[in-house]
Trainee: 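For reference, the structure I am asking about is given below.
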Amino acid sequence: MSVYYVIFPIIIISLTLIFSGQINIAYGQVNTNLTEESIENNLNGLQILSHNSFTDSMGYLHVEGEIKNNYPSTATFVRIVGIFYDIKNQVVGTQFTYANPSDIRSGEKAPFVLILTSASIPISQIDHYSLQASYQ
């Protein structure tokens, strides 16, 4: 079985979800020297309003933010996936969390917190990240 038969459907499904509004993507910097952040707003779906990152005294990386539901109905099990990249833009790991609360009514906002330990992802290798939001 060729890799193309596996990767191509994943790409098509991802693009379909992104353009349908079921997945929202935001980008951020982990490096303290890199302060500009780009947030892709999706006014027809889930909207990541803000996010930032910091490393605590234990060496854990925290990505905190706020998400808004712009759908006309409740978004259930709102999930935020962080994709973490090195300086060469290679993926070094992924992690997910749920909004708190995980069900967000129409027009409402909810915070989220992603916490990474060195055991889950090599934090020293992380240069930047992207966030994707989805729901069931």
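Here, residue 1 is the first one in the sequence, and each next residue gets the next number. If you're wondering where the values come from, they're calculated on a predicted model, not measured in any experiment.
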Trainee: Would you say Ser134 and Val81 make side-chain contact, with heavy atoms under 4.5 Å?
Mentor: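 SC-SC contact between Ser134 and Val81 ruled out.
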Trainee: So which heavy atom on Gln95 is nearest to which on Leu114, and how close?
Mentor: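 Where Gln95 meets Leu114 most closely, the heavy atoms are CG-CD2, 3.4 Å.
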Trainee: What's the separation between atom NZ in Lys109 and atom CD1 in Ile48, rounded to the nearest 0.5 Å?
Mentor: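 Spacing of NZ (Lys109) from CD1 (Ile48) equals 14.5 Å.
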Trainee: Restricting to non-hydrogen atoms, name the atom on Tyr135 and the atom on Thr76 that form the minimum distance, rounded to 0.1 Å.
Mentor: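 Looks like CB-O, 3.4 Å.
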Trainee: With heavy-atom distances below 4.5 Å as the criterion, would you say the side chains of Val63 and Leu131 are in contact?
Mentor: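 Val63 reaches Leu131 side chain to side chain.
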Trainee: Mind checking side-chain hydrogen bond (donor to acceptor under 3.5 Å, both in side chains) for Glu108 and listing every partner two or more places apart, or none if nothing turns up?
Mentor: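 side-chain hydrogen bond (donor to acceptor under 3.5 Å, both in side chains) check on Glu108 returns Arg105.
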Trainee: Is there a path of hydrophobic side-chain contacts, each under 4.5 Å between heavy atoms of I/L/V/M/F/W/Y residues, joining Phe54 to Ile126?
Mentor: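 No; tracing contacts between hydrophobic side chains, which count when under 4.5 Å, never links both residues.
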Trainee: Could you give all pairs that pass the salt bridge (charged side-chain N to carboxylate O under 4.0 Å, His left out) test and reach residues 78-103, with sequence neighbours left out?
Mentor: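 Checked against salt bridge (charged side-chain N to carboxylate O under 4.0 Å, His left out) - neighbours excluded - no pair reaches residues 78-103.
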Trainee: Going by the ring pair (Phe, Tyr, Trp, His ring centres under 6.0 Å) test, which pairs reach into residues 101-124, not counting sequence neighbours?
Mentor: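 Every candidate ring pair (Phe, Tyr, Trp, His ring centres under 6.0 Å) pair involving residues 101-124 fails, so no pair, neighbours aside, qualifies.
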Trainee: Would you call Asn89 and His128 a side-chain contact if the rule is heavy atoms closer than 4.5 Å?
Mentor: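 Asn89 vs His128: side chains touch.
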Trainee: Kindly state each residue pair satisfying salt bridge (charged side-chain N to carboxylate O under 4.0 Å, His left out) with at least one member in residues 49-64, sequence neighbours excluded.
Mentor: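 As it turns out, there is no salt bridge (charged side-chain N to carboxylate O under 4.0 Å, His left out) pair with a partner in residues 49-64 once direct neighbours are skipped.
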Trainee: Just one of Leu61, Thr55, Thr94 clears the side-chain contact (heavy atoms from CB on, under 4.5 Å) bar with Leu116, so which one?
Mentor: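 It is Leu61; the other options fail the test.
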Trainee: Answer whether the closest heavy-atom distance between the side chains of Asn69 and Leu46 falls below 4.5 Å.
Mentor: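 Yes, their side chains come closer than 4.5 Å.
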Trainee: Ser102: which residues meet the side-chain contact (heavy atoms from CB on, under 4.5 Å) condition with it, sequence neighbours left out?
Mentor: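 Here the qualifying residues are Phe77, Tyr98.
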Trainee: Nearest 0.5 Å please: distance from the CD1 atom of Ile80 over to the CG atom of Asn100.
Mentor: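 Atom-to-atom, Ile80:CD1 and Asn100:CG are 10.0 Å apart.
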Trainee: Keeping Ser106 on the side-chain end and Tyr71 on the backbone end, is there a donor-acceptor pair under 3.5 Å?
Mentor: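 Looks like yes, one N/O pair under 3.5 Å.
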Trainee: For residues Ala99 and Ile104, report the shortest heavy-atom separation together with the two atoms involved.
Mentor: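 Reported closest heavy-atom pair: CB-CD1, 3.9 Å.
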Trainee: List, by chain and number, the other hydrophobic cluster members for Tyr60, where Ile, Leu, Val, Met, Phe, Trp and Tyr join if side-chain heavy atoms come within less than 4.5 Å, directly or indirectly.
Mentor: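 Hydrophobic cluster check, Tyr60: joined to Met58, Val113, Ile115.
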